[in-house]
Asker: 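Here it is, the structure in full.
Atom set for the values below is all heavy atoms of this structure, side chains included, hydrogens, waters and symmetry mates excluded.
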Amino acid sequence: MSWKTAFRSFYYETAEEPEDITLDPATTALLVIDIQNTYLEVPEDPAEARRWRPFLDRMKKTVIPNTARLMDWARGKGIEVMFARIACQKEDGRDRSLSQKKPGFNYLLLPKDREDSQIVPELAPLPGEVSVIKTTDSALTGTNLRLMLSNMGIKDVVVAGIFTDQCISSTVRSLCDESFGVLVVEDCCAAATEALHRHELETINMIYCHVVSSDEVKSFIAPSN
């Protein structure tokens with residue numbers, strides 16, 4: 001199914017198909033969000049390990065390899081590759097936002113220099129590539145990413161990473177509110193479950209972004225580029 005008809009919510013199930021997308025490498029960035037070591041750790045509790053197995057499988061078999069290929073393609077086309085990761089500047093996490101201090105899954109204490117807070121080795125930034133540290137779900141809130149995108153003349157942002165229903169969604173909405181064109185690469189993203197992943201893509205598609213596949217993104221560059 002084409003990106004023009006896939007992942008439609010109730011609001012857009014009868015809407016006309018969107019126009020073709022053309023990306024200019026000079027004004028496009030690929031933003032990779034929160035694919036960090038901590039999220040690939042297998043829970044010690046056997047029941048939790050079983051619960052998270054589908055997510056971990058998707059990360060290792062789909063999201064990470066697809067994102068690595070997308071990054072290589074983007075670099076080859078002259079598209080800016082940028083990164084955002086959850087981490088705190090203070091060892092005790094006093095600088096974290098409230099959502100990262102709440103008990104439960106969202107409780108995160110990831111000092112910026114600790115190994116578990118680093119981007120996974122397969123997707124490591126190259127020298128000179130922008131990487132921002134955030135203590136919020138949105139990569140724009142609480143960082144200077146929006147200013148850097150503007151300063152570099154970026155108009156369109158291609159988004160990959162985790163979690164679809166949390167930091168991806170928050171970042172996408174922030175980017176849209178700042179009038180960037182946004183593409184979410186569905187096979188380079190994951191939520192804890194496939195149901196959550198799909199539901200969020202349907203929620204944000206066609207209003208805050210266009211949801212596309214990694215192969216489709218590559219077709220949006222003019223042949224001369």
Side-chain angles (χ1 to χ4, degrees), residues 1-9 12-13 17-18 20-23 25 28-40 51-77 79-86 119-125 129 137-139 156-173 175-176 180-221 225:
M1 183 180 291
S2 165
W3 66 273
K4 293 188 176 188
T5 54
F7 297 105
R8 295 232 180 173
S9 70
Y12 286 93
E13 64 183 10
E17 291 187 3
D20 292 344
I21 295 172
T22 301
L23 295 176
T28 301
L30 169 61
L31 178 61
V32 181
I33 299 173
D34 295 352
I35 305 183
Q36 296 165 250
N37 291 326
T38 187
Y39 295 117
L40 296 184
R51 223 165 62 91
W52 282 93
R53 176 51 56 193
F55 167 78
L56 294 171
D57 286 346
R58 178 174 173 84
M59 291 301 295
K60 293 176 181 177
K61 297 176 182 179
T62 301
V63 173
I64 291 175
N66 283 349
T67 302
R69 286 189 286 268
L70 189 63
M71 288 165 54
D72 288 344
W73 167 83
R75 288 164 177 155
K77 292 293 184 181
I79 292 171
E80 288 285 345
V81 179
M82 308 175 76
F83 302 83
R85 64 183 175 103
I86 293 176
I119 295 166
V120 299
E122 299 94 322
L123 307 179
E129 291 180 338
D137 276 14
S138 170
D156 295 291
V157 182
V158 179
V159 177
I162 55 175
F163 287 85
T164 314
D165 56 328
Q166 297 187 32
C167 294
I168 297 299
S169 180
S170 292
T171 300
V172 164
R173 291 165 187 256
L175 286 166
C176 179
F180 291 96
V182 188
L183 301 178
V184 173
V185 188
E186 60 90 7
D187 55 335
C188 293
C189 295
T193 70
E194 182 65 22
L196 286 171
H197 173 67
R198 184 171 187 87
H199 179 269
E200 192 61 34
L201 292 178
E202 291 174 352
T203 299
I204 61 178
N205 187 36
M206 295 189 70
I207 180 168
Y208 302 110
C209 65
H210 287 300
V211 175
V212 300
S213 71
S214 54
D215 286 339
E216 287 172 328
V217 168
K218 297 169 186 176
S219 72
F220 299 154
I221 300 292
N225 290 301

Asker: Once side-chain contact (heavy atoms from CB on, under 4.5 Å) is applied, do any residues pair with Glu13, and if so which ones, sequence neighbours excluded?
Answerer: Phe10
Asker: Sequence neighbours left out, what passes salt bridge (Lys or Arg N to Asp or Glu O under 4.0 Å) with Arg53? Give chain and number order.
Answerer: Asp57
Asker: Going by side-chain contact (heavy atoms from CB on, under 4.5 Å), Val185 matches just one of Leu70, Val211, Ile168. Which one?
Answerer: Leu70
Asker: Mind jotting down which residue pairs meet the salt bridge (charged side-chain N to carboxylate O under 4.0 Å, His left out) criterion with at least one end in residues 61-72? Sequence neighbours excluded, please.
Answerer: Asp72-Arg75
Asker: Just jot down the salt bridge (Lys or Arg N to Asp or Glu O under 4.0 Å) partners of Asp215, sequence neighbours excluded, or say none.
Answerer: none
Asker: Got a sec, which residues hit side chain to side chain donor-acceptor pair (under 3.5 Å) with Gln36, two or more places apart in sequence or on another chain?
Answerer: none
Asker: After noting the C-alpha distance and the side-chain angles of Thr164 and Glu200, does the key distance pass the side-chain hydrogen bond (donor to acceptor under 3.5 Å, both in side chains) rule?
Answerer: CA-CA 7 Å; Thr164 314; Glu200 192 61 34; over 6 Å; no
Asker: Which residues pass the salt bridge (Lys or Arg N to Asp or Glu O under 4.0 Å) test with Glu80, not counting sequence neighbours?
Answerer: none
Asker: Side chain of Ser2, backbone of Thr5: donor and acceptor closer than 3.5 Å?
Answerer: no
Asker: By side-chain contact (heavy atoms from CB on, under 4.5 Å), which residues pair with Asn37, not counting sequence neighbours?
Answerer: Glu115, Gln118, Val120, Pro121
Asker: Pairs in or reaching into residues 194-217: which pass ring pair (Phe, Tyr, Trp, His ring centres under 6.0 Å), with residues at least two apart or in two chains?
Answerer: Trp3-His210
Asker: Can you check side chain to side chain contact (heavy atoms under 4.5 Å, CB included) on Ser169 and Thr203, steps first, answer last?
Answerer: CA-CA 9 Å; Ser169 180; Thr203 299; over 6 Å; no
Asker: Over 60° means perpendicular and under 30° means parallel, so tell me whether Phe163 and Phe55 are parallel, tilted or perpendicular.
Answerer: parallel
Asker: Considering residues at least two apart in sequence or located in another chain, which fulfil the side-chain contact (heavy atoms from CB on, under 4.5 Å) criterion with Thr67?
Answerer: Val32, Ile35, Val63, Met71, Leu123, Ala160, Cys188
Asker: With sequence neighbours excluded, tell me which residues meet side-chain contact (heavy atoms from CB on, under 4.5 Å) with Arg198.
Answerer: Phe7, Glu202
Asker: If you apply the rule side chain to side chain contact (heavy atoms under 4.5 Å, CB included), what do you find for Leu30 with Val217, and how did you get there?
Answerer: CA-CA 11 Å; Leu30 169 61; Val217 168; over 6 Å; no
Asker: Report yes if the side chains of Asp156 and Leu183 come closer than 4.5 Å at any heavy-atom pair, otherwise no.
Answerer: no
Asker: Restricting to side chain to side chain donor-acceptor pair (under 3.5 Å), what partner residues turn up for Lys4, sequence neighbours left out?
Answerer: Asp20
Asker: Treating Thr22 as the side-chain partner and Phe220 as the backbone partner, does any N or O pair qualify as donor plus acceptor under 3.5 Å?
Answerer: no
Asker: Side chains of Glu194 and Pro54: closer than 4.5 Å at any heavy-atom pair?
Answerer: no
Asker: Phe180 vs Leu31, test: side chain to side chain contact (heavy atoms under 4.5 Å, CB included). Steps then yes/no.
Answerer: CA-CA 13 Å; Phe180 291 96; Leu31 178 61; over 6 Å; no
Asker: Is there a donor-acceptor pair closer than 3.5 Å between any side-chain N or O of Asn66 and the backbone N or O of Asp187?
Answerer: yes
Asker: Could you tell me which residues satisfy salt bridge (Lys or Arg N to Asp or Glu O under 4.0 Å) with Asp34, sequence neighbours excluded, listed by chain and number?
Answerer: Lys134
